[in-house]
A.B. asks: 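Dumping the structure here so I can ask a few things about it.
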Amino acid sequence: MRTRTTGPRKAAAAPRGGTARARTLRKPRPPRGGGVRGLYERARRAWDRPLTAYYVILGASMLITVLGLVMVYSASIIKALELSLPATYFFRKQFLAAVIGAALLLLASRMPVRLHRALAYPLLVVTVFLMVLVQVPGIGHAVNGNQNWLYLGGPFQLQPSEFGKLALILWGADLLARKQDKRLLTQWKHLLVPLVPGAFLLLGLIMLGGDMGTAIILTAILFGLLWLTGAPTRLFAGVLGIAAVIGVVLIRSSANRMARVECLGATDPGPGDACWQAVHGIYALASGGWFGSGLGASVEKWGQLPEPHTDFIFAITGEELGLAGTLSVLALFAALGYAGIRVAGRTEDPFVRYAAGGVTTWITAQAVVNIGAVLGLLPIAGVPLPLFSYGGSALLPTMFAVGLLIAFARDEPAAKAALAGREPRFGGRTGVSWMSMRRRVKKRPSGER
């Protein structure tokens, strides 16, 4: 029986991948790595994304602040009741400062760089004026032996030296950026003058009030700015040596400071309970275990540990949240510091580099000094844990400084492009602009609607 043919047989369909020649020309996909190496590669690619630093700075700072509010409430309840105050007294004040600080952070993150530079000199002048007022009898007030406070009325008070850190960073960054534009930083006199005398003016006003801790942080900021300018090693070492000699003289001239140095590594309160605070901070950390005794279940805050909601809040965190809680706080500070270094290292604007480096030095150095004192590795300097401890005067300038980092992270060219691609235009709900949509739609007849 004859079979009827319907035409030439169709050729076999080409495989989806195309012809063999096309497959050879196509760039092969990199193999998916497994294990630790694959995880490292994925983490590295994620870190190299344009908006990573922006999200890390924003997320880490917000988590530290929120966790700090929780711990301030837990650590300050007993202290408030001892002073015949409502149990939420310190928490409410810290929450109000956090709300104002969040507004300052949002404002700083949206301000252009030129406006930040314009604020440098007015902020420095106002800060110096307020620090001078602190030393005027009848106007300035002493707290815990340090005369660094101005009362604003009612329960509110202000510590101008905390704003001195922000003022030094903005003024120093603007000054060094102008000198770099004129190629003057290769001369040591332009490198040091007037930056070092201006910093010494702030340090002198702070030391008149006896606040050694804030002076240490201000000195760290000064060294950070000098390091970012690429100061010669001999010049940097010389300034560091002078600062070390002045520090030794100031410590040896005060019995209180000498007692703090002698309490390094102490495991017993000693005669006269001279090391009481340092030792009970270690007791709090040691009793926390892996996961702590539970939120609100601290024993040391019942009058045993002085300053549980300010300088030694990290000890209460270790007692109530355990090693897991303290390591989480350390990880958040490490992420914030590393993101700040990335912002400073990737920018081409000298002001942004100096300001971002100064803010990162400020936050990381203060965190190291505070946590080192709680762990018994450093003398008790009386500085709060940034964004975490109780104190509105410390929280407000720090949150503004974090807003600076966020603004600088958003200002990177790649980050600008990524954000511009996500933001809607003309009130649309998608990230696609109306003008780009018009180019995709065919032109309709004039009578059609």
A.B. asks: Ignoring hydrogens, what is the shortest heavy-atom contact between A401 and W362? Give both atom names and the distance.
C.D. replies: CB-CZ3, 3.5 Å

A.B. asks: Give me the atom names and distance for the closest heavy-atom approach of L105 to V402.
C.D. replies: CD1-CG1, 3.8 Å

A.B. asks: Are the side chains of L332 and L336 in contact, using a 4.5 Å heavy-atom criterion?
C.D. replies: no

A.B. asks: Given L192 and L226, is the side chain to side chain contact (heavy atoms under 4.5 Å, CB included) satisfied, shown in steps?
C.D. replies: CA-CA 8 Å; L192 298 180; L226 291 176; 4.3 Å; yes

A.B. asks: Please examine the side chains of V374 and L385, heavy atoms only from C-beta on, and report whether any two atoms are closer than 4.5 Å.
C.D. replies: no

A.B. asks: Would you tell me whether S298 and E319 have side-chain atoms, one donor and one acceptor, within less than 3.5 Å of each other?
C.D. replies: yes

A.B. asks: Say you draw a straight line from CE of M399 to CG of L107; how long is it, rounded to the nearest 0.5 Å?
C.D. replies: 12.5 Å

A.B. asks: If you round to the nearest 0.5 Å, how far is CG of L176 from CZ of F351?
C.D. replies: 10.5 Å

A.B. asks: So, using side-chain hydrogen bond (donor to acceptor under 3.5 Å, both in side chains) as the criterion, who are the partners of K79 when residues are at least two apart?
C.D. replies: none

A.B. asks: Could you check whether any side-chain heavy atom of I216 comes within less than 4.5 Å of a side-chain heavy atom of V383, counting everything from C-beta outward?
C.D. replies: no

A.B. asks: Between L203 and I246, is any pair of side-chain heavy atoms under 4.5 Å apart?
C.D. replies: no

A.B. asks: Quick one: CG on L168 to CG on L195, what's the gap to the nearest 0.5 Å?
C.D. replies: 6.5 Å

A.B. asks: Please give me the minimum heavy-atom distance between D174 and A120, naming the atom from each residue.
C.D. replies: CB-CB, 4.3 Å

A.B. asks: Taking all atoms of both residues into account, what is the closest heavy-atom pair of Q94 and L69, and its distance?
C.D. replies: CG-CD2, 3.6 Å

A.B. asks: Should we count OH of Y283 as having more than 12 external heavy atoms under 6.0 Å?
C.D. replies: yes

A.B. asks: Would the distance check show the side chain of E320 and the main-chain N or O of G292 forming a donor-acceptor pair, the cut-off being under 3.5 Å?
C.D. replies: no

A.B. asks: Looking only at non-hydrogen atoms, find the nearest pair between N370 and D311 and report the distance.
C.D. replies: ND2-O, 3.0 Å

A.B. asks: Do Y390 and K93 have side chains that approach each other closer than 4.5 Å (heavy atoms only, starting at C-beta)?
C.D. replies: yes

A.B. asks: Enter the distance from L235:CG to L240:CG here, rounded to the nearest 0.5 Å.
C.D. replies: 11.0 Å

A.B. asks: Output yes when a side-chain donor or acceptor of K301 lies under 3.5 Å from a complementary backbone atom of S74, and no otherwise.
C.D. replies: yes

A.B. asks: Walk me through whether V196 and F200 qualify under side chain to side chain contact (heavy atoms under 4.5 Å, CB included).
C.D. replies: CA-CA 6 Å; V196 175; F200 280 0; 3.8 Å; yes

A.B. asks: Hey, are the side chains of W171 and P194 touching, using non-hydrogen atoms and a 4.5 Å cut-off?
C.D. replies: yes

A.B. asks: Does the pair T214 and N148 meet the rule for a side chain to side chain contact (heavy atoms under 4.5 Å, CB included), with working shown?
C.D. replies: CA-CA 10 Å; T214 304; N148 287 305; over 6 Å; no

A.B. asks: Is the CZ atom of F163 crowded by more than 12 outside heavy atoms at less than 6.0 Å?
C.D. replies: yes

A.B. asks: Side chain of S389, backbone of T310: donor and acceptor closer than 3.5 Å?
C.D. replies: yes

A.B. asks: Apply side chain to side chain contact (heavy atoms under 4.5 Å, CB included) to T347 and F408, showing your working.
C.D. replies: CA-CA 8 Å; T347 183; F408 299 154; over 6 Å; no

A.B. asks: So how far is it from I380 CD1 to Q277 CD, rounded to the nearest 0.5 Å?
C.D. replies: 4.5 Å

A.B. asks: Should the pair H116 and F400 be assigned to parallel (<30°), tilted (30 to 60°) or perpendicular (>60°) ring geometry?
C.D. replies: perpendicular

A.B. asks: Do other residues, nucleotides or ligands put more than 12 heavy atoms under 6.0 Å from the CZ atom of F95?
C.D. replies: no

A.B. asks: Is the number of heavy atoms from other residues, nucleotides or ligands under 6.0 Å of R92 CZ greater than 12?
C.D. replies: yes

A.B. asks: Ignoring hydrogens and angles, tell me if any N or O in the side chain of Q147 forms a donor-acceptor pair with the backbone of L208 under 3.5 Å.
C.D. replies: no

A.B. asks: Can you measure from CG (L222) to OG1 (T361) and round to the nearest 0.5 angstrom?
C.D. replies: 10.5 Å

A.B. asks: Who pairs with P122 by side-chain contact (heavy atoms from CB on, under 4.5 Å), at least two apart in sequence or on another chain?
C.D. replies: none

A.B. asks: Which atom pair, heavy atoms only, marks the closest approach of A108 to A407?
C.D. replies: O-CB, 3.5 Å

A.B. asks: Could I get the full list of side-chain hydrogen bond (donor to acceptor under 3.5 Å, both in side chains) partners for R353, not counting sequence neighbours?
C.D. replies: Q180

A.B. asks: A quick test of your reading: do over 12 heavy atoms of other residues, nucleotides or ligands sit less than 6.0 Å from OH of Y121?
C.D. replies: yes

A.B. asks: Distance alone, cut at 3.5 Å: any donor-acceptor contact between the side chains of Q159 and D211?
C.D. replies: yes

